[in-house]
Amino acid sequence: MDASILNYTVNDNVAKFLKQTHKLYINGKWVDSKSGKTFDVEDPATGKKISTCAAGDKNDIDLAVSAARKCFDSGKWHSVPPNEKGKIIWKIAELIDDHTEELAQLESLDNGKPVAIAAGADVALSSDIFRYMAGWATKIEGETIPISVPYTPGAQYHSYTLREPVGVVGQIIPWNFPLLMAAWKLSVALAAGCTIVLKPAEQTPLSALRLTEIINNSNLLPEGVLNVVTGFGEDAGAPLAAHPHVDKVAFTGSTEVGKLITKASAGNLKKVSLELGGKSPTIIFPDADIDAAIAGAASAIFFNHGQCCCAGSRLMAHEKVFDQVAEGISKIASNIKVGPGMDTSSEMGPLVSDEQFKKVSGYIESGKSEGGEIIAGGKYDNSSGGHFVHPTVFAKTDKDMSIVKEEIFGPVLCAQPFSDQDLDKIAEVANNTTYGLAASVWSQNISTAHKLAAKIRAGTVWVNCHNIFDASLPFGGYKESGWGREMGHEVLKNYTELKAVTVNL
Ligand code: ADP
């Protein structure tokens with residue numbers, strides 16, 4: 001066992017799991033990649049290797065898709081009675097809960113997030129979405145539709161719709177919430193009766209592999225329903241998105257890769273859903289509960305180290321309260337304890353990778369050179385091998401700076417005052433982004449809050465809160481933040497096809 005892991009007490013299953021060379025999961029079996037290649041998984045708090053995974057490529061994707069295709073076409077999964085499917089999906093939720101400690105530790109070691117957050121948020125939300133989708137397995141219904149058909153006078157018809165599984169789905173997920181993103185995607189696909197090829201992010205494959213192992217050990221799913229191919233985006237993700245026998249691809253990640261996925265999917269016009277980047281505003285009015293707004297705005301950007309697509313990365317505070325808000329957030333930022341996620345005293349862990357460390361620290365430098373004033377943080381340090389960036393607040397930012405326009409995906413807040421009373425003008429600034437994922441509005445005036453919520457072009461608007469997620473709430477973006485919605489009953493539309501059947505009576 002690597003010494004860095006021994007710095008912390010880890011669950012026995014975690015210790016055992018990390019020692020394995022992880023294989024691909026295809027057609028109900030663990031197999032090596034065809035090329036025999038592997039890649040290292042590192043602990044972002046130390047930069048040291050903690051485990052090894054098979055590096056899948058096009059040949060492995062072909063095998064996985066063929067297993068998923070064969071299983072789908074045989075009807076082995078979608079013909080399972082809905083209540084039985086629901087029980088299986090519910091059982092997965094229970095298994096996740098039963099393995100909370102080890103899944104949280106794996107998530108913390110692999111992604112860097114504080115282990116208590118991994119347990120309380122990532123694992124808890126993961127089991128919750130399986131439970132929510134277990135209920136939907138029995139409620140995917142069509143409708144009967146009275147029709148007229150003016151060109152067949154006197155004829156009588158019985159018309160109805162069937163909602164059927166879309167087929168084989170390729171699911172490509174990111175590294176910021178590795179288990180939760182797997183859960184969002186797998187749970188609905190199973191409820192809808194689809195078969196799956198899942199491609200976890202190369203930075204954080206461990207929790208999805210452990211979940212697969214747990215599901216496999218319980219013999220819950222017929223062979224071929226779930227296939228997991230680890231590997232790099234261009235080697236394993238791209239052929240999955242392009243594969244002619246995949247009916248739908250669901251992707252969560254950067255807008256840049258989302259555009260590549262869209263192009264790759266055009267070959268067979270597979271259905272595409274995308275949950276992409278954001279540059280979400282946090283808008284604070286002078287009549288807000290200012291203490292709550294300060295705490296909420298800080299959490300909006302610093303939760304998960306700013307590695308959230310809906311991070312509140314643009315602070316807009318009214319000039320009357322701007323100094324108080326900026327000072328309050330800066331104080332919180334300065335007091336956040338940054339350290340390894342497995343150290344229970346850490347409140348913020350390292351960024352996920354050296355690549356992200358370079359990207360985020362690069363933005364801090366470009367913000368400084370563009371005239372932004374740092375009022376908290378601004379420090380970054382990888383001297384220990386870990387990718388630590390301290391929570392940072394930039395004041396005096398303006399709309400043309402790259403730190404205000406571009407998604408940083410790190411704990412860096414850009415603050416701007418506003419003086420307008422006119423909600424249209426405030427919305428114009430809030431909407432001045434190519435993204436449209438989320439926003440939060442902080443005001444005690446219900447009229448201000450609701451009117452502004454209607455004017456913001458984003459898939460989620462929170463009022464007097466931020467980062468509130470629930471399995472039943474649809475989540476996704478306007479503009480370049482994506483296509484379609486995850487979660488809620490809305491996501492079922494992405495995983496089903498609608499068939500109209502008409503019977504001449
Ligand atoms: P980030 O930029 O935040 O690292 P990405 O969008 O690059 O996120 O990655 C999200 C997921 O997309 C990962 O599983 C990654 O392997 C995958 N990916 C990256 N490039 C491609 C690609 N060209 N085609 C398909 N998947 C990709």
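Just follow the structure's listing: the first ligand is 1, and inside any ligand the first atom is 1.
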Carboxylate-amine/guanidinium proximity below 4.0 Å for [X] and [Y]:
| X | Y | value |
| --- | --- | --- |
| Lys34 | Asp60 | no |
| Lys279 | Glu406 | no |
| Lys185 | Glu486 | yes |
| Lys29 | Glu223 | yes |

Residues that Ser472 engages under side-chain hydrogen bond (donor to acceptor under 3.5 Å, both in side chains), provided they are two or more places apart
Asp470
With sequence neighbours left out, write down each residue that passes side-chain hydrogen bond (donor to acceptor under 3.5 Å, both in side chains) with Glu355, or none if nothing qualifies.
none
Is a side-chain N or O of Lys199 found less than 3.5 angstrom from the main chain of Gly231, in a donor-acceptor match?
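Yes, because the side chain of Lys199 sits within donor-acceptor range (under 3.5 Å) of the backbone of Gly231.
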Would you say the rings of Phe388 and Tyr380 are close, in the sense that their centroids are separated by under 6.0 Å?
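Between Tyr380 and Phe388, the centre distance exceeds or equals 6.0 Å.
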Determine, considering heavy atoms only, which of [options] sits nearest to [atom].
| atom | options | value |
| --- | --- | --- |
| atom 20 (N) of ligand 1 | Val257, Ile261, Ile172 | Val257 |
| atom 3 (O) of ligand 1 | Phe232, Trp175, Phe409 | Trp175 |
| atom 5 (P) of ligand 1 | Gly231, Ala242, Pro239, Ser254 | Ser254 |

List ligand 1 atoms under 4.0 Å from [X], heavy atoms only on the residue side.
| X | result |
| --- | --- |
| Leu260 | 23 (N) |
| Gly253 | 6 (O) |
| Phe251 | 6 (O), 10 (C), 11 (C), 12 (O) |
| Pro200 | 14 (O) |
| Gly237 | 24 (N), 25 (C), 26 (N) |
| Ile173 | 11 (C), 13 (C), 14 (O) |

Determine whether more than 12 heavy atoms belonging to other residues, nucleotides or ligands lie under 6.0 Å from atom NZ of Lys405.
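Check passes, neighbour count above 12.
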Between Glu370 and Ser402, is any side-chain donor less than 3.5 angstrom from a side-chain acceptor?
yes
What part of Ala264 sits under 4.0 Å from ligand 1 if we count only heavy atoms: the side chain, the backbone, both or neither?
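The answer is neither; Ala264 stays 4.0 Å or more away.
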Pick one of side chain, backbone, both or neither for how Ala238 approaches ligand 1, counting any non-hydrogen atom pair under 4.0 Å.
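The answer is both, backbone and side chain.
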Do any nitrogen or oxygen atoms of Lys199 lie less than 3.5 angstrom from nitrogen or oxygen atoms of ligand 1?
yes
Heteroatom proximity flag, Gln356 to ligand 1, N/O under 3.5 Å:
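No, Gln356 has no N/O under 3.5 Å of an N/O on ligand 1.
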Who's the nearest protein heavy-atom neighbour of atom 15 (C) of ligand 1, and how far?
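Nearest protein contact, heavy atoms only, for atom 15 (C) of ligand 1 is Glu202 OE1, 3.5 Å.
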Atom 19 (C) of ligand 1: nearest protein contact (heavy atom, Å):
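The closest one turns out to be Gly233 CA, 3.5 Å.
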Work out which heavy atom in Leu180 is nearest to a heavy atom in Asp122; give both atom names and the distance.
CD1-O, 4.1 Å
Per-atom contact, atom 9 (O) of ligand 1, protein heavy atoms, under 4.0 angstrom
no
Residue-ligand contact Gly258/ligand 1, heavy atom below 4.0 Å:
no
